[in-house]
Amino acid sequence: MQTTKLCKGVRLTEFFMPTLRNAPSDAKIVSHQLMLRAGMIRQESSGIYSWLPLGYRILTKISEIISQEQNKIGACEMLMPTIQSADLWKKSGRYDDYGQEMLRINDRHNQEMLFGPTNEEMITDIFANFAQSYKDLPKNIFQIQWKFRDEIRPRFGVMRGREFLMKDGYGFAIDEEQHKKIYNKIFVSYLRTFARLGVKAIPMQADTGPIGGKLSHEFIILADTGESEIFCDKEVIDLDILQEKIDYRGDLEPIVNKWTEKYASTDEMFVEQEWAKVPDTNKIATRGIEVGHIFYFGTKYSEPLGLKVADKDGSLKPLHMGSYGIGVSRVFAGIIEACHDEKGIVFPSSVAPFDVGLVNVSLKDENCTKTCDEYYETLQNNDIEVAYDDRDIGAGAKFSDMELIGLPWVIVVGKKSIEKGLVELKNRTTGQTQDLSFEQAINIVKGK
RNA sequence: CGGGAUAUGGCGCAGUCUGGUAGCGCACUUGUUUUGGGUACAAGGGGUCGUUGGUUCAAAUCCAGCUAUCCCGACCA
(Lines give C-alpha, C1' and ligand atoms only; values in the text may rest on other atoms or scores of the structure.)
Protein backbone atom coordinates (compact mmCIF):
# COMPACT_ATOMS: atom_id res chain seq x y z
CA MET A 1 0.00 0.00 0.00
CA GLN A 2 1.20 3.51 -0.72
CA THR A 3 1.52 5.61 2.37
CA THR A 4 2.39 9.22 2.67
CA LYS A 5 4.93 9.16 5.43
CA LEU A 6 6.48 5.72 5.60
CA CYS A 7 9.83 4.91 4.06
CA LYS A 8 9.87 2.21 1.42
CA GLY A 9 12.67 0.21 2.86
CA VAL A 10 14.69 -0.42 5.96
CA ARG A 11 17.92 -2.23 6.63
CA LEU A 12 17.57 -4.28 9.77
CA THR A 13 21.06 -3.19 10.82
CA GLU A 14 19.61 0.30 11.08
CA PHE A 15 16.03 -0.45 12.03
CA PHE A 16 15.08 -0.63 15.71
CA MET A 17 13.21 -3.89 16.01
CA PRO A 18 14.03 -5.67 19.26
CA THR A 19 12.53 -9.13 18.75
CA LEU A 20 12.33 -11.55 21.62
CA ARG A 21 12.51 -15.30 21.64
CA ASN A 22 10.27 -15.63 24.68
CA ALA A 23 7.30 -13.46 25.44
CA PRO A 24 7.20 -11.78 28.86
CA SER A 25 5.05 -13.89 31.13
CA ASP A 26 2.62 -11.04 31.78
CA ALA A 27 1.26 -11.39 28.26
CA LYS A 28 -1.52 -13.93 28.23
CA ILE A 29 -3.19 -13.56 24.87
CA VAL A 30 -1.54 -14.31 21.58
CA SER A 31 -1.74 -10.82 20.07
CA HIS A 32 -0.09 -9.30 23.13
CA GLN A 33 2.63 -11.95 23.14
CA LEU A 34 3.35 -11.57 19.45
CA MET A 35 3.37 -7.79 19.55
CA LEU A 36 5.93 -7.90 22.36
CA ARG A 37 8.01 -10.61 20.71
CA ALA A 38 8.03 -8.79 17.39
CA GLY A 39 9.30 -5.65 19.09
CA MET A 40 6.21 -3.63 18.17
CA ILE A 41 5.26 -2.29 21.58
CA ARG A 42 6.59 -1.90 25.07
CA GLN A 43 4.50 -1.57 28.17
CA GLU A 44 5.15 1.61 30.15
CA SER A 45 2.42 1.27 32.78
CA SER A 46 -0.66 -0.84 33.13
CA GLY A 47 -2.63 -0.25 29.94
CA ILE A 48 -0.13 2.27 28.54
CA TYR A 49 2.27 1.39 25.76
CA SER A 50 5.06 2.81 23.66
CA TRP A 51 4.75 2.06 19.97
CA LEU A 52 8.13 1.00 18.70
CA PRO A 53 9.02 1.63 15.04
CA LEU A 54 7.57 -1.59 13.67
CA GLY A 55 4.34 -1.27 15.63
CA TYR A 56 4.03 2.40 14.84
CA ARG A 57 4.47 1.67 11.16
CA ILE A 58 1.57 -0.78 11.18
CA LEU A 59 -0.56 1.54 13.28
CA THR A 60 0.07 4.23 10.66
CA LYS A 61 -1.02 1.92 7.87
CA ILE A 62 -4.21 1.00 9.67
CA SER A 63 -4.93 4.67 10.32
CA GLU A 64 -4.37 5.51 6.70
CA ILE A 65 -6.84 2.92 5.43
CA ILE A 66 -9.40 4.20 7.90
CA SER A 67 -8.86 7.79 6.74
CA GLN A 68 -9.10 6.82 3.09
CA GLU A 69 -12.45 5.12 3.56
CA GLN A 70 -13.76 8.04 5.58
CA ASN A 71 -12.67 10.47 2.90
CA LYS A 72 -14.68 8.49 0.36
CA ILE A 73 -17.91 9.22 2.21
CA GLY A 74 -17.14 12.90 2.52
CA ALA A 75 -16.04 12.80 6.13
CA CYS A 76 -13.49 15.48 6.98
CA GLU A 77 -10.42 14.71 9.04
CA MET A 78 -9.36 17.12 11.76
CA LEU A 79 -7.57 17.01 15.11
CA MET A 80 -8.77 18.11 18.51
CA PRO A 81 -6.62 18.41 21.65
CA THR A 82 -6.31 15.46 24.02
CA ILE A 83 -6.58 17.77 27.02
CA GLN A 84 -9.97 19.39 27.47
CA SER A 85 -11.50 21.84 29.87
CA ALA A 86 -13.93 20.37 32.38
CA ASP A 87 -16.42 23.18 31.70
CA LEU A 88 -17.79 21.62 28.54
CA TRP A 89 -18.38 18.37 30.30
CA LYS A 90 -20.19 20.06 33.14
CA LYS A 91 -22.51 21.65 30.59
CA SER A 92 -23.34 18.35 28.95
CA GLY A 93 -23.85 16.75 32.32
CA ARG A 94 -21.32 14.03 31.68
CA TYR A 95 -18.59 15.38 33.98
CA ASP A 96 -20.06 13.52 36.90
CA ASP A 97 -21.59 10.66 34.91
CA TYR A 98 -18.30 9.59 33.42
CA GLY A 99 -16.95 8.94 36.88
CA GLN A 100 -13.59 7.50 37.73
CA GLU A 101 -12.94 6.44 34.19
CA MET A 102 -12.13 10.01 33.28
CA LEU A 103 -8.63 11.17 34.10
CA ARG A 104 -8.94 14.58 35.75
CA ILE A 105 -6.05 17.02 35.87
CA ASN A 106 -5.62 20.46 37.39
CA ASP A 107 -3.41 22.97 35.61
CA ARG A 108 -1.15 25.52 37.36
CA HIS A 109 -4.05 27.95 37.69
CA ASN A 110 -5.98 25.16 39.34
CA GLN A 111 -8.34 24.99 36.37
CA GLU A 112 -10.05 21.64 36.08
CA MET A 113 -8.90 19.85 32.97
CA LEU A 114 -9.25 16.30 31.77
CA PHE A 115 -7.62 13.93 29.32
CA GLY A 116 -10.41 13.33 26.84
CA PRO A 117 -12.05 9.90 26.85
CA THR A 118 -14.05 11.01 23.79
CA ASN A 119 -14.94 14.26 22.05
CA GLU A 120 -18.71 14.67 21.65
CA GLU A 121 -18.74 17.78 23.81
CA MET A 122 -15.85 19.47 22.09
CA ILE A 123 -16.92 18.79 18.52
CA THR A 124 -20.42 19.92 19.34
CA ASP A 125 -19.03 23.12 20.77
CA ILE A 126 -16.85 23.67 17.74
CA PHE A 127 -19.64 22.97 15.34
CA ALA A 128 -22.07 25.19 17.25
CA ASN A 129 -19.76 28.11 16.61
CA PHE A 130 -20.05 27.79 12.87
CA ALA A 131 -23.32 26.13 11.95
CA GLN A 132 -26.07 28.68 11.43
CA SER A 133 -28.42 27.17 8.93
CA TYR A 134 -29.78 23.91 7.61
CA LYS A 135 -27.68 24.77 4.55
CA ASP A 136 -24.57 24.00 6.62
CA LEU A 137 -25.80 20.44 6.95
CA PRO A 138 -25.22 17.57 6.76
CA LYS A 139 -21.60 17.35 7.90
CA ASN A 140 -19.45 14.45 8.93
CA ILE A 141 -16.19 15.11 10.76
CA PHE A 142 -13.64 12.75 12.23
CA GLN A 143 -10.24 12.53 13.83
CA ILE A 144 -7.77 9.83 14.74
CA GLN A 145 -6.51 10.70 18.17
CA TRP A 146 -5.27 9.28 21.45
CA LYS A 147 -7.88 8.76 24.11
CA PHE A 148 -7.52 7.97 27.76
CA ARG A 149 -10.02 6.01 29.79
CA ASP A 150 -8.90 5.03 33.23
CA GLU A 151 -10.21 1.49 33.02
CA ILE A 152 -10.68 -0.39 36.26
CA ARG A 153 -8.75 -3.28 34.86
CA PRO A 154 -6.70 -2.81 31.73
CA ARG A 155 -5.72 -6.13 30.17
CA PHE A 156 -4.86 -8.05 27.04
CA GLY A 157 -2.15 -5.64 25.94
CA VAL A 158 -3.34 -2.88 23.66
CA MET A 159 -6.68 -4.62 23.26
CA ARG A 160 -7.98 -3.01 26.42
CA GLY A 161 -5.48 -0.35 27.26
CA ARG A 162 -6.15 2.85 29.13
CA GLU A 163 -4.51 4.96 26.45
CA PHE A 164 -5.65 3.95 23.00
CA LEU A 165 -5.81 5.32 19.48
CA MET A 166 -9.32 5.84 18.26
CA LYS A 167 -10.94 7.10 15.15
CA ASP A 168 -13.91 9.08 16.37
CA GLY A 169 -16.34 10.59 13.91
CA TYR A 170 -19.30 12.86 14.43
CA GLY A 171 -22.25 13.44 12.18
CA PHE A 172 -24.54 16.49 12.16
CA ALA A 173 -27.93 16.57 10.50
CA ILE A 174 -31.07 18.66 10.53
CA ASP A 175 -33.35 15.74 11.30
CA GLU A 176 -33.45 12.02 11.86
CA GLU A 177 -33.93 11.22 8.20
CA GLN A 178 -30.90 13.22 7.12
CA HIS A 179 -28.86 11.61 9.85
CA LYS A 180 -29.92 8.18 8.68
CA LYS A 181 -28.15 8.88 5.40
CA ILE A 182 -24.92 9.68 7.21
CA TYR A 183 -25.40 6.62 9.36
CA ASN A 184 -25.75 4.39 6.32
CA LYS A 185 -22.63 5.84 4.74
CA ILE A 186 -20.71 5.24 7.91
CA PHE A 187 -22.12 1.74 8.14
CA VAL A 188 -20.96 0.82 4.65
CA SER A 189 -17.62 2.59 4.99
CA TYR A 190 -16.95 0.58 8.14
CA LEU A 191 -17.68 -2.66 6.34
CA ARG A 192 -15.23 -1.64 3.64
CA THR A 193 -12.63 -0.45 6.13
CA PHE A 194 -12.52 -3.71 8.04
CA ALA A 195 -12.55 -5.73 4.83
CA ARG A 196 -9.57 -3.76 3.57
CA LEU A 197 -7.82 -4.32 6.87
CA GLY A 198 -8.11 -8.02 6.11
CA VAL A 199 -10.59 -9.02 8.78
CA LYS A 200 -14.20 -10.13 8.87
CA ALA A 201 -16.16 -7.65 10.94
CA ILE A 202 -19.81 -8.45 11.51
CA PRO A 203 -22.23 -5.62 12.28
CA MET A 204 -24.54 -6.32 15.18
CA GLN A 205 -27.41 -4.48 16.71
CA ALA A 206 -26.04 -2.94 19.88
CA ASP A 207 -27.07 -1.52 23.16
CA THR A 208 -26.54 2.23 23.15
CA GLY A 209 -25.20 2.23 26.70
CA PRO A 210 -24.13 5.42 28.48
CA ILE A 211 -23.69 7.39 25.25
CA GLY A 212 -27.42 7.07 24.88
CA GLY A 213 -29.57 7.11 21.80
CA LYS A 214 -31.79 5.14 19.55
CA LEU A 215 -29.83 3.36 16.86
CA SER A 216 -26.51 1.63 17.25
CA HIS A 217 -24.37 -1.08 15.73
CA GLU A 218 -21.21 -2.76 16.87
CA PHE A 219 -18.69 -4.18 14.45
CA ILE A 220 -17.15 -7.37 15.70
CA ILE A 221 -14.15 -9.33 14.43
CA LEU A 222 -14.43 -13.08 14.75
CA ALA A 223 -11.66 -14.52 16.91
CA ASP A 224 -11.70 -17.39 19.37
CA THR A 225 -10.00 -15.23 21.96
CA GLY A 226 -12.58 -12.47 21.72
CA GLU A 227 -14.18 -11.00 24.80
CA SER A 228 -17.79 -11.15 23.69
CA GLU A 229 -19.79 -14.21 22.90
CA ILE A 230 -21.53 -13.90 19.58
CA PHE A 231 -24.23 -15.71 17.66
CA CYS A 232 -24.66 -15.27 13.97
CA ASP A 233 -25.95 -16.71 10.76
CA LYS A 234 -23.15 -18.08 8.60
CA GLU A 235 -24.52 -16.16 5.62
CA VAL A 236 -23.51 -12.83 7.16
CA ILE A 237 -19.94 -14.00 7.43
CA ASP A 238 -19.90 -15.09 3.81
CA LEU A 239 -20.94 -11.66 2.49
CA ASP A 240 -18.13 -9.67 0.83
CA ILE A 241 -18.47 -5.90 0.79
CA LEU A 242 -15.51 -5.45 -1.53
CA GLN A 243 -17.51 -7.22 -4.24
CA GLU A 244 -20.39 -4.77 -3.93
CA LYS A 245 -20.79 -1.85 -6.24
CA ILE A 246 -21.26 1.14 -4.01
CA ASP A 247 -22.53 4.58 -4.85
CA TYR A 248 -22.20 6.70 -1.74
CA ARG A 249 -24.43 9.36 -3.27
CA GLY A 250 -27.15 6.83 -3.94
CA ASP A 251 -29.41 4.82 -1.68
CA LEU A 252 -27.36 2.64 0.66
CA GLU A 253 -30.34 1.17 2.45
CA PRO A 254 -30.32 -2.07 0.39
CA ILE A 255 -26.71 -2.76 1.35
CA VAL A 256 -27.28 -1.96 4.99
CA ASN A 257 -30.28 -4.26 4.93
CA LYS A 258 -28.31 -7.03 3.30
CA TRP A 259 -25.86 -6.92 6.20
CA THR A 260 -28.45 -6.60 8.92
CA GLU A 261 -31.28 -8.89 7.87
CA LYS A 262 -29.51 -12.10 8.89
CA TYR A 263 -29.27 -12.83 12.56
CA ALA A 264 -26.12 -11.59 14.31
CA SER A 265 -25.97 -10.72 17.96
CA THR A 266 -23.76 -10.50 21.02
CA ASP A 267 -24.83 -12.37 24.13
CA GLU A 268 -26.07 -9.09 25.62
CA MET A 269 -28.63 -8.61 22.88
CA PHE A 270 -29.31 -12.31 22.35
CA VAL A 271 -32.92 -13.23 21.59
CA GLU A 272 -33.71 -16.93 21.82
CA GLN A 273 -36.74 -16.84 19.51
CA GLU A 274 -34.85 -15.08 16.71
CA TRP A 275 -31.88 -17.41 17.03
CA ALA A 276 -34.23 -20.38 16.75
CA LYS A 277 -35.27 -19.20 13.30
CA VAL A 278 -31.74 -19.54 11.95
CA PRO A 279 -31.27 -22.89 10.16
CA ASP A 280 -29.13 -25.18 12.31
CA THR A 281 -26.53 -25.63 9.59
CA ASN A 282 -26.01 -21.85 9.51
CA LYS A 283 -25.73 -21.33 13.24
CA ILE A 284 -22.38 -20.03 14.32
CA ALA A 285 -21.71 -19.44 17.98
CA THR A 286 -18.23 -18.11 18.57
CA ARG A 287 -16.37 -15.21 20.11
CA GLY A 288 -15.54 -11.78 18.84
CA ILE A 289 -13.71 -8.54 19.44
CA GLU A 290 -15.59 -5.27 19.24
CA VAL A 291 -13.56 -2.96 16.99
CA GLY A 292 -16.15 -0.41 15.97
CA HIS A 293 -19.30 1.11 17.37
CA ILE A 294 -21.64 3.59 15.76
CA PHE A 295 -24.47 5.53 17.39
CA TYR A 296 -27.31 7.77 16.46
CA PHE A 297 -28.22 9.74 19.56
CA GLY A 298 -30.55 12.39 18.27
CA THR A 299 -30.41 15.68 20.15
CA LYS A 300 -28.80 14.37 23.31
CA TYR A 301 -25.78 16.71 23.09
CA SER A 302 -27.11 19.44 20.82
CA GLU A 303 -29.90 20.36 23.28
CA PRO A 304 -27.85 20.91 26.46
CA LEU A 305 -24.97 22.47 24.50
CA GLY A 306 -27.29 24.74 22.58
CA LEU A 307 -26.46 23.56 19.07
CA LYS A 308 -29.35 24.83 16.96
CA VAL A 309 -29.62 26.07 13.40
CA ALA A 310 -32.29 27.81 11.38
CA ASP A 311 -34.48 25.42 9.45
CA LYS A 312 -36.18 26.27 6.15
CA ASP A 313 -39.03 28.01 7.92
CA GLY A 314 -36.64 30.11 10.00
CA SER A 315 -37.28 28.24 13.25
CA LEU A 316 -34.35 27.07 15.34
CA LYS A 317 -33.93 23.31 15.47
CA PRO A 318 -31.52 21.26 17.59
CA LEU A 319 -29.21 19.14 15.47
CA HIS A 320 -29.48 15.41 15.17
CA MET A 321 -26.13 13.84 15.84
CA GLY A 322 -24.30 10.58 15.80
CA SER A 323 -20.85 9.40 16.76
CA TYR A 324 -18.85 6.64 15.14
CA GLY A 325 -15.77 5.00 16.56
CA ILE A 326 -13.11 2.56 15.50
CA GLY A 327 -10.59 1.36 18.05
CA VAL A 328 -7.47 1.74 15.92
CA SER A 329 -4.99 0.27 18.36
CA ARG A 330 -7.49 -2.41 19.29
CA VAL A 331 -8.11 -3.43 15.70
CA PHE A 332 -4.34 -3.85 15.41
CA ALA A 333 -4.42 -6.49 18.11
CA GLY A 334 -7.63 -7.89 16.65
CA ILE A 335 -5.98 -8.46 13.29
CA ILE A 336 -3.22 -10.45 14.97
CA GLU A 337 -5.74 -12.47 16.97
CA ALA A 338 -7.41 -13.38 13.71
CA CYS A 339 -4.23 -13.79 11.63
CA HIS A 340 -1.42 -15.78 13.17
CA ASP A 341 0.06 -19.26 13.31
CA GLU A 342 2.54 -21.08 15.55
CA LYS A 343 5.47 -19.22 13.95
CA GLY A 344 4.09 -15.74 14.42
CA ILE A 345 1.91 -13.18 12.72
CA VAL A 346 0.51 -13.66 9.23
CA PHE A 347 -0.41 -10.11 8.27
CA PRO A 348 -2.95 -9.32 5.59
CA SER A 349 -0.94 -7.59 2.89
CA SER A 350 -2.77 -4.28 3.38
CA VAL A 351 -1.38 -3.79 6.87
CA ALA A 352 1.84 -5.78 6.76
CA PRO A 353 4.68 -3.50 7.85
CA PHE A 354 6.54 -4.38 4.64
CA ASP A 355 5.51 -6.19 1.50
CA VAL A 356 8.57 -8.36 1.47
CA GLY A 357 11.56 -9.37 3.53
CA LEU A 358 14.89 -9.60 1.77
CA VAL A 359 17.16 -12.10 3.47
CA ASN A 360 20.84 -12.18 2.74
CA VAL A 361 22.03 -15.58 3.95
CA SER A 362 25.59 -15.29 2.69
CA LEU A 363 26.58 -12.00 4.22
CA LYS A 364 30.28 -12.78 4.06
CA ASP A 365 30.11 -13.45 0.34
CA GLU A 366 30.92 -10.16 -1.32
CA ASN A 367 29.09 -10.94 -4.49
CA CYS A 368 25.97 -12.01 -2.66
CA THR A 369 25.90 -8.92 -0.49
CA LYS A 370 26.46 -6.69 -3.50
CA THR A 371 23.55 -8.39 -5.27
CA CYS A 372 21.31 -8.02 -2.22
CA ASP A 373 22.16 -4.34 -1.95
CA GLU A 374 21.07 -3.94 -5.58
CA TYR A 375 17.90 -5.93 -5.03
CA TYR A 376 17.12 -3.74 -2.04
CA GLU A 377 17.23 -0.64 -4.23
CA THR A 378 15.36 -2.28 -7.09
CA LEU A 379 12.50 -3.40 -4.85
CA GLN A 380 12.05 0.13 -3.53
CA ASN A 381 12.19 1.53 -7.05
CA ASN A 382 9.36 -0.84 -7.89
CA ASP A 383 7.24 0.58 -5.07
CA ILE A 384 7.68 -2.52 -2.99
CA GLU A 385 8.19 -1.96 0.71
CA VAL A 386 11.09 -4.06 1.88
CA ALA A 387 12.75 -5.05 5.12
CA TYR A 388 16.32 -5.99 4.22
CA ASP A 389 17.94 -8.32 6.72
CA ASP A 390 21.61 -7.42 6.40
CA ARG A 391 22.41 -8.35 9.98
CA ASP A 392 25.36 -10.55 10.82
CA ILE A 393 23.39 -13.35 12.46
CA GLY A 394 22.49 -16.91 11.56
CA ALA A 395 20.20 -17.64 8.66
CA GLY A 396 17.76 -19.45 10.91
CA ALA A 397 17.37 -16.42 13.13
CA LYS A 398 16.64 -14.27 10.11
CA PHE A 399 13.96 -16.62 8.84
CA SER A 400 12.38 -16.81 12.27
CA ASP A 401 12.21 -13.04 12.61
CA MET A 402 10.61 -12.65 9.19
CA GLU A 403 7.99 -15.21 10.11
CA LEU A 404 7.43 -13.61 13.49
CA ILE A 405 6.73 -10.14 12.12
CA GLY A 406 4.41 -11.59 9.50
CA LEU A 407 5.64 -10.25 6.17
CA PRO A 408 3.60 -11.76 3.30
CA TRP A 409 6.69 -12.63 1.24
CA VAL A 410 10.34 -13.29 1.84
CA ILE A 411 13.01 -13.27 -0.85
CA VAL A 412 16.00 -15.37 0.16
CA VAL A 413 19.33 -14.70 -1.50
CA GLY A 414 22.47 -16.72 -0.85
CA LYS A 415 25.65 -17.87 -2.52
CA LYS A 416 23.94 -20.93 -3.98
CA SER A 417 21.03 -19.05 -5.46
CA ILE A 418 23.35 -16.42 -6.90
CA GLU A 419 25.24 -19.14 -8.74
CA LYS A 420 21.97 -20.35 -10.23
CA GLY A 421 20.95 -16.79 -11.01
CA LEU A 422 17.77 -17.26 -9.02
CA VAL A 423 16.21 -16.21 -5.75
CA GLU A 424 13.96 -18.15 -3.46
CA LEU A 425 10.52 -16.66 -2.90
CA LYS A 426 8.64 -17.78 0.16
CA ASN A 427 4.97 -17.26 0.88
CA ARG A 428 4.17 -16.59 4.53
CA THR A 429 0.62 -17.91 4.38
CA THR A 430 1.28 -21.21 2.65
CA GLY A 431 4.91 -21.64 3.63
CA GLN A 432 5.64 -22.68 0.06
CA THR A 433 8.85 -21.69 -1.63
CA GLN A 434 9.82 -21.45 -5.27
CA ASP A 435 13.02 -20.71 -7.15
CA LEU A 436 12.56 -17.83 -9.54
CA SER A 437 14.41 -15.08 -11.28
CA PHE A 438 14.44 -11.88 -9.29
CA GLU A 439 12.20 -10.23 -11.88
CA GLN A 440 9.61 -12.98 -11.57
CA ALA A 441 9.70 -12.64 -7.80
CA ILE A 442 9.08 -8.89 -8.10
CA ASN A 443 6.07 -9.49 -10.29
CA ILE A 444 4.56 -11.99 -7.88
CA VAL A 445 5.08 -9.69 -4.91
CA LYS A 446 3.62 -6.76 -6.82
CA GLY A 447 0.60 -8.78 -7.85
CA LYS A 448 -0.45 -9.07 -4.21
C1' C B 1 -13.78 -2.14 43.76
C1' G B 2 -14.33 -7.64 45.67
C1' G B 3 -11.49 -12.42 45.13
C1' G B 4 -6.59 -14.73 43.79
C1' A B 5 -1.39 -14.50 42.62
C1' U B 6 3.41 -12.58 41.49
C1' A B 7 7.87 -9.23 42.04
C1' U B 8 15.53 -12.46 41.54
C1' G B 9 20.54 -9.49 35.02
C1' G B 10 17.24 -7.64 28.58
C1' C B 11 13.61 -12.27 28.34
C1' G B 12 12.23 -17.08 30.61
C1' C B 13 13.01 -19.38 35.26
C1' A B 14 15.39 -22.00 39.88
C1' G B 15 16.80 -20.73 44.82
C1' U B 16 12.42 -18.94 49.67
C1' C B 17 9.34 -24.23 53.01
C1' U B 18 14.59 -25.90 56.21
C1' G B 19 18.26 -17.93 56.82
C1' G B 20 25.04 -18.65 55.89
C1' U B 21 28.20 -13.13 51.12
C1' A B 22 23.17 -15.19 44.05
C1' G B 23 22.44 -19.57 40.06
C1' C B 24 20.58 -21.87 35.20
C1' G B 25 18.77 -21.39 29.88
C1' C B 26 18.34 -17.77 26.07
C1' A B 27 20.32 -13.02 24.74
C1' C B 28 25.08 -9.94 24.96
C1' U B 29 30.97 -9.40 24.34
C1' U B 30 35.73 -11.77 22.49
C1' G B 31 38.16 -15.84 19.93
C1' U B 32 37.90 -20.30 17.15
C1' U B 33 34.19 -23.01 14.50
C1' U B 34 29.82 -23.15 11.36
C1' U B 35 27.90 -20.92 6.83
C1' G B 36 20.32 -21.72 3.76
C1' G B 37 16.41 -22.96 9.56
C1' G B 38 17.89 -19.87 16.07
C1' U B 39 25.67 -24.38 14.91
C1' A B 40 29.57 -26.02 18.46
C1' C B 41 33.52 -25.08 21.94
C1' A B 42 36.18 -21.74 25.11
C1' A B 43 36.74 -17.29 27.81
C1' G B 44 34.07 -12.94 29.56
C1' G B 45 30.54 -8.73 31.10
C1' G B 46 26.06 -7.61 33.51
C1' G B 47 21.73 -8.31 39.26
C1' U B 48 21.92 -3.00 46.12
C1' C B 49 16.92 -10.26 44.68
C1' G B 50 10.18 -4.23 43.84
C1' U B 51 10.41 -0.80 48.20
C1' U B 52 10.60 0.67 53.47
C1' G B 53 11.11 -1.01 58.16
C1' G B 54 11.59 -5.18 61.74
C1' U B 55 13.75 -10.02 63.76
C1' U B 56 18.85 -12.10 63.63
C1' C B 57 25.85 -12.63 64.52
C1' A B 58 23.87 -13.20 59.45
C1' A B 59 17.89 -12.02 55.25
C1' A B 60 16.47 -13.19 48.11
C1' U B 61 14.94 -16.56 52.13
C1' C B 62 11.35 -15.14 58.34
C1' C B 63 7.66 -10.87 59.89
C1' A B 64 4.96 -6.15 58.85
C1' G B 65 3.68 -1.92 55.91
C1' C B 66 3.81 0.21 51.10
C1' U B 67 4.16 0.06 45.69
C1' A B 68 3.84 -2.13 40.98
C1' U B 69 2.17 -5.87 37.73
C1' C B 70 -0.91 -10.00 36.26
C1' C B 71 -5.33 -13.32 36.57
C1' C B 72 -11.03 -14.13 37.76
C1' G B 73 -15.61 -11.03 38.30
C1' A B 74 -18.87 -6.04 37.35
C1' C B 75 -17.77 -1.71 33.07
C1' C B 76 -15.95 -0.30 28.25
C1' A B 77 -13.38 1.49 21.35
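Just so we're on the same page: letters track the sequence lines, and every chain starts at 1.
Residue A:Glu44 is out of contact with every strand shown, counting any heavy-atom pair closer than 4.0 Å. Nucleic acid contact for A:Lys364: none, since no nucleic acid atom lies under 4.0 Å from a heavy atom of the residue. Here A:Ala397 lies in heavy-atom contact (under 4.0 Å) with a base. The residue A:Ser45 sits close only to the backbone: its heavy atoms come under 4.0 Å of sugar-phosphate atoms, none of a base. Using a 4.0 Å heavy-atom distance criterion, A:Met159 is classed as a base contact. Looking at heavy-atom distances under 4.0 Å, A:Glu290 makes contact with sugar-phosphate atoms alone, never a base. Within the 4.0 angstrom heavy-atom criterion, only backbone atoms of the sugar-phosphate kind lie near A:Gln43; the bases stay farther away. Here A:Gly325 lies out of heavy-atom contact (under 4.0 Å) with every strand. Across all strands shown, A:Val291 has heavy atoms under 4.0 Å from sugar-phosphate atoms exclusively, and none from any base. Counting non-hydrogen atoms under 4.0 angstrom, A:Ala27 reaches nothing in the nucleic acid. When heavy atoms are screened at a 4.0 angstrom cut-off, A:Gly169 is found touching no nucleic acid atom at all.
A:Phe127 places none of its side-chain heavy atoms less than 4.5 Å from the side chain of A:Tyr170. Between A:Gln145 and A:Thr82, the closest side-chain pair of non-hydrogen atoms falls below 4.5 Å. Between A:Lys300 and A:Glu120 there is no side-chain heavy-atom pair separated by less than 4.5 Å. Inter-residue side-chain proximity for A:Ile230 and A:Leu222 is flagged as met; some heavy-atom pair is nearer than 4.5 Å. Looking only at side-chain heavy atoms (C-beta outward), A:Val356 and A:Glu385 stay at 4.5 Å or farther from each other. Counting heavy atoms from C-beta on, the side chains of A:Ile58 and A:Ile62 come closer than 4.5 Å.
When distances are taken from the side chain of A:Val412 to each of B:G36, B:G38, B:C70, the shortest belongs to B:G36. The listed nucleotides are B:C70, B:C11, B:A77; the one nearest the side chain of A:Lys28 is B:C70. Comparing B:A77, B:C72, B:G36 by their nearest atom to the side chain of A:Met166 picks out B:A77. Distance from the side chain of A:Pro24 is smallest to B:C11 among B:G36, B:U69, B:C11. Candidate nucleotides B:G12, B:C75, B:U69 were compared by shortest atom distance to the side chain of A:Ser46, and B:U69 ranks first. Comparing atom distances between the A:Ala395 side chain and each of B:G36, B:G38, B:A74 picks out B:G36 as nearest.
For the pair A:Lys147 and A:Phe164, the cation-pi test (distance below 6.0 Å, angle within 45°) is failed. Geometrically, A:Arg104 engages A:Tyr95 in a cation-pi contact, judged by NZ or CZ lying under 6.0 Å from the ring centre and within 45° of the ring axis.
Across all strands shown, B:G46 remains unpaired; no Watson-Crick or G-U wobble contact has both distances below 3.5 Å. Across all strands shown, B:C41 forms a Watson-Crick or G-U wobble pair with B:G31, both key distances being under 3.5 Å. Across all strands shown, B:A14 has no partner, as no Watson-Crick or G-U wobble contact with both distances under 3.5 Å is found. Remark: B:C57 base-pairs with B:G20; criterion is Watson-Crick or G-U wobble with both hydrogen-bond distances under 3.5 Å. Nucleotide B:G2 forms a Watson-Crick or G-U wobble pair with B:C72, both donor-acceptor distances falling under 3.5 Å.
Taking atom C1' in both B:C11 and B:U18, one finds a spacing of 31 Å when rounded to whole Å. With both ends at atom C1', the span from B:U35 to B:G45 equals 27 Å, rounded to whole Å. Distance check on atom P: B:A77 versus B:G15 gives 44 Å, rounded to whole Å. Using atom P as the reference point in both B:G73 and B:A58, the two lie 47 Å apart (nearest Å). Spacing between B:U16 and B:C49 at atom C1', rounded to whole Å, works out to 11 Å. B:U56 and B:U61 are spaced 13 Å apart, taking the C1' atom of each and rounding to whole Å. The same atom, C1', is picked in B:G38 and in B:U34; the two are 13 Å apart, to the nearest Å. When the P atom is compared between B:G50 and B:A59, the two are found 15 Å apart, to the nearest whole Å.
Using a 30° and 60° split on the angle between ring planes, A:His32 and A:Tyr49 fall in the perpendicular class, above 60°.
Residue A:Thr118 places none of its side-chain N or O atoms closer than 4.0 Å to OP1 or OP2 of B:A77. Phosphate contact (OP1/OP2 of B:C72, side-chain N/O of A:Arg153, threshold under 4.0 Å): present.
One can place CD1 of A:Ile152 at 15 Å from P of B:G3, the figure rounded to the nearest angstrom. Between A:Gln143 atom CD and B:A77 atom C1' there is a gap of 13 Å when expressed in whole angstrom units. Rounding to whole angstrom units, CD of residue A:Glu101 and P of B:C1 are separated by 14 Å. Residue A:Arg21 contributes atom CZ, which lies 4 Å from atom C1' of B:G38 at whole-angstrom precision. Atom pair A:Glu120:CD and B:A77:P shows a separation of 10 Å (rounding to whole Å applied). Atom-to-atom, CG of A:Asp389 to C1' of B:G38 comes out at 12 Å; the value is rounded to the nearest Å. Rounded to whole Å, the distance from CD on A:Glu403 to P on B:G36 is 17 Å. Between the CZ atom of A:Arg37 and the P atom of B:G10 there is a distance of 20 Å, rounded to whole Å.
Evaluation of atom-type donor-acceptor distances gives no pair under 3.5 Å for the side chain of A:Ser362 against the base of B:G36. Not a single donor-acceptor contact under 3.5 angstrom links the side-chain atoms of A:Ser25 to the base of B:G12.
With centres under 5.5 Å and a plane angle under 30°, the ring of A:Phe164 is stacked against the base of B:A77.
Both A:Gly292 and A:Lys343 lie close to RNA chain B; mapped to their nearest nucleotides by heavy-atom distance, the more 5′-ward contact belongs to A:Lys343. Nearer to the 5' terminus of RNA chain B, by closest-nucleotide assignment, is the contact made by A:Ala23 (compared with the other of A:Ala23 and A:His32).
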